[in-house]
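We count residues from 1, following the sequence as given.
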Amino acid sequence: MPDLTRRRKGPRGAVRLLTSTALNTFVGLLGLIVPLTAWALGQASVTTILFVVETGLLIAIVIRHAWLQATYIQFRRASGRAMSDPTYFELISATLEGELMEDTEEIADGHLLLYAAEVPRISVLLYRTLIDSSCQPRKIMATDLTTDPRLLTQRREYLVENRRLIESGGVILRIFVCRLSDLTKRSYAKDLIDLVDLHRSLGVQCGIAVREWLRPDQAVDFVVVAAAAVLVEEEQGDAGYSKGRSSVYFKRIDKWVKKFEEIWGAENSSAAPAVLHSYEQVARELLVDSRWKPAEISAALSKHR
């Protein structure tokens, strides 16, 4: 019998009842007993009633089958008999099946936990799904805890999907969340401006926020996809994503939209695009003149606090 992995969550008691072997056996036996009883009795009125009952049971079986098809994913059960060592194969198979069941149960509850190289892969999947679907709004709102701007220029596939979304009529707003001490460093400023130029060339609208000026709950690396999902980076990955941990949530996205809008700001001096504009004006001039004065950078930023 094929394995059944739950797609959508329902009341646990009802799920156990509807998928139980006992219920399946009971319905099957009724399907045999009802017509046999009707035949044995041979009475027209009783026969009619029993056939109506049987018809109802058949309809119930069809509805139950349709519900199971919509609620569960069917997998082929692998047999170890054809393997060189059936016992070893069954142990490996059981482990892999258990991991798959665990992940599927998790996403059925509206949450997906990602590790290491899974993070960039799912990031790209979230973008591609929005591009290829009719989901609205076609909008991405992202914050990046930017400790090393060069890392964010190396995720080529992710950047390609950014361009594709914008070319398809979508909008991307991105805030680079930076520490004040980093913003006053010449090398960091050069890398950050290169990063901003790269994203603008894709059509991304950019802003910056000073990390020390944000609340702890705002200094989070997250990407809101339409009003459908949010990817939250809980442990930042390195350049090759050999480490890192993130979560994707498909519920209560509105709170993340509100969080982003608070950081992005309205059309005022504290808005992230305005902070970036002031920072760029001073930083670009200092970089071109081959002189660097951290005090001027701090002064430019302090106007927006």
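- Atoms CG and CH2, on Leu173 and Trp264 in that order, are 4.5 Å from each other to the nearest 0.5 Å.
- The nearest pair of heavy atoms linking Ala283 to Ile193 is CB-CD1, 3.8 Å.
- With rounding to the nearest 0.5 Å, the separation of CH2 in Trp213 from OG in Ser302 is 6.5 Å.
- Using a 30° and 60° split on the angle between ring planes, Tyr127 and Tyr158 fall in the perpendicular class, above 60°.
- Distance CG/Asp191 to CG/Asp182: 11.0 Å, rounded to 0.5 Å.
- Of all heavy-atom pairs between Ile263 and Ala209, the closest is CG2-CB, 4.0 Å.
- The minimum heavy-atom distance between Arg186 and Trp292, with the atom names listed, is N-NE1, 3.4 Å.
- Taking CH2 from Trp256 and CG from Leu231, the interatomic distance works out to 10.0 Å, rounded to the nearest 0.5 Å.
- Applying the salt bridge (charged side-chain N to carboxylate O under 4.0 Å, His left out) criterion to Arg163, with sequence neighbours excluded, gives no partner residue.
- Residue-environment remark: CZ (Arg291) exceeds the threshold of 12 foreign heavy atoms within 6.0 Å.
- Between Lys303 and Ser278 the shortest side-chain heavy-atom distance does not fall below 4.5 Å.
- When side chains are defined from C-beta on, Ile166 counts as touching Val204, because their heavy atoms get closer than 4.5 Å.
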I would like to know whether Leu202 and Ile172 meet side-chain contact (heavy atoms from CB on, under 4.5 Å); could you show each step before the answer?
-> CA-CA 10 Å; Leu202 304 175; Ile172 300 178; over 6 Å; no
Worked verdict on Leu301 versus Leu180 for side-chain contact (heavy atoms from CB on, under 4.5 Å) = CA-CA 9 Å; Leu301 291 171; Leu180 182 59; 3.6 Å; yes
Val171 vs Ile140, side-chain contact (heavy atoms from CB on, under 4.5 Å): CA-CA, chis, key distance, verdict | CA-CA 6 Å; Val171 175; Ile140 298 286; over 6 Å; no
Verdict with reasoning, Asp194 to Lys190, per salt bridge (Lys or Arg N to Asp or Glu O under 4.0 Å) | CA-CA 6 Å; Asp194 288 344; Lys190 182 181 183 305; 3.3 Å; yes
Run the numbers on Arg128 and Glu157 for side-chain contact (heavy atoms from CB on, under 4.5 Å), then give the verdict.
-> CA-CA 11 Å; Arg128 286 178 178 169; Glu157 194 174 10; 2.8 Å; yes
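- Across all their heavy atoms, Ser133 and Arg138 have their closest contact at O-NH1, 3.1 Å.
- The pair Glu212-Arg305 does not meet the salt-bridge criterion, since no charged nitrogen lies less than 4.0 angstrom from a carboxylate oxygen.
- A salt bridge is absent between Arg164 and Glu167: the closest approach of a Lys/Arg side-chain nitrogen to an acidic carboxylate oxygen does not fall below 4.0 angstrom.
- Minimum heavy-atom separation, Ser246 to Leu113: O-CD1, 3.5 Å.
- Counting non-hydrogen atoms of other residues, nucleotides and ligands closer than 6.0 Å to CZ of Arg200 gives a total above 12.
- Annotation: side chain of Arg215 is in contact with side chain of Glu262 (closest heavy-atom distance under 4.5 Å).
- Considering only heavy atoms from C-beta on, Cys178 comes within 4.5 Å of Leu192 through its side chain.
- Just one residue in the list Arg155, His199, Arg174 forms a side chain to side chain donor-acceptor pair (under 3.5 Å) with Asn162, and that residue is Arg174.
- In this structure, Val225 and Thr129 have side chains that are not in contact, with every pair of non-hydrogen atoms separated by 4.5 Å or more.
- A pairwise comparison of heavy atoms in Ala227 and Pro137 identifies N-CD, 4.0 Å as the closest pair.
- Under the side-chain contact (heavy atoms from CB on, under 4.5 Å) test applied with Phe176, the options Thr143, Leu145, Asp144, Leu183 reduce to a single match, Asp144.
- For the atom pair Tyr279 OH and Ser298 OG, the distance stands at 9.5 Å (nearest 0.5 Å).
- Salt bridge status for Asp197 with Arg284: present, with a side-chain N to carboxylate O gap under 4.0 Å.
- Residue Thr153 holds its OG1 atom at 8.0 Å from CG of Leu159, rounded to the nearest 0.5 Å.
- Linking ILVMFWY residues whenever their side-chain heavy atoms come closer than 4.5 Å, directly or via other members, leaves Leu125 and Val160 in distinct clusters.
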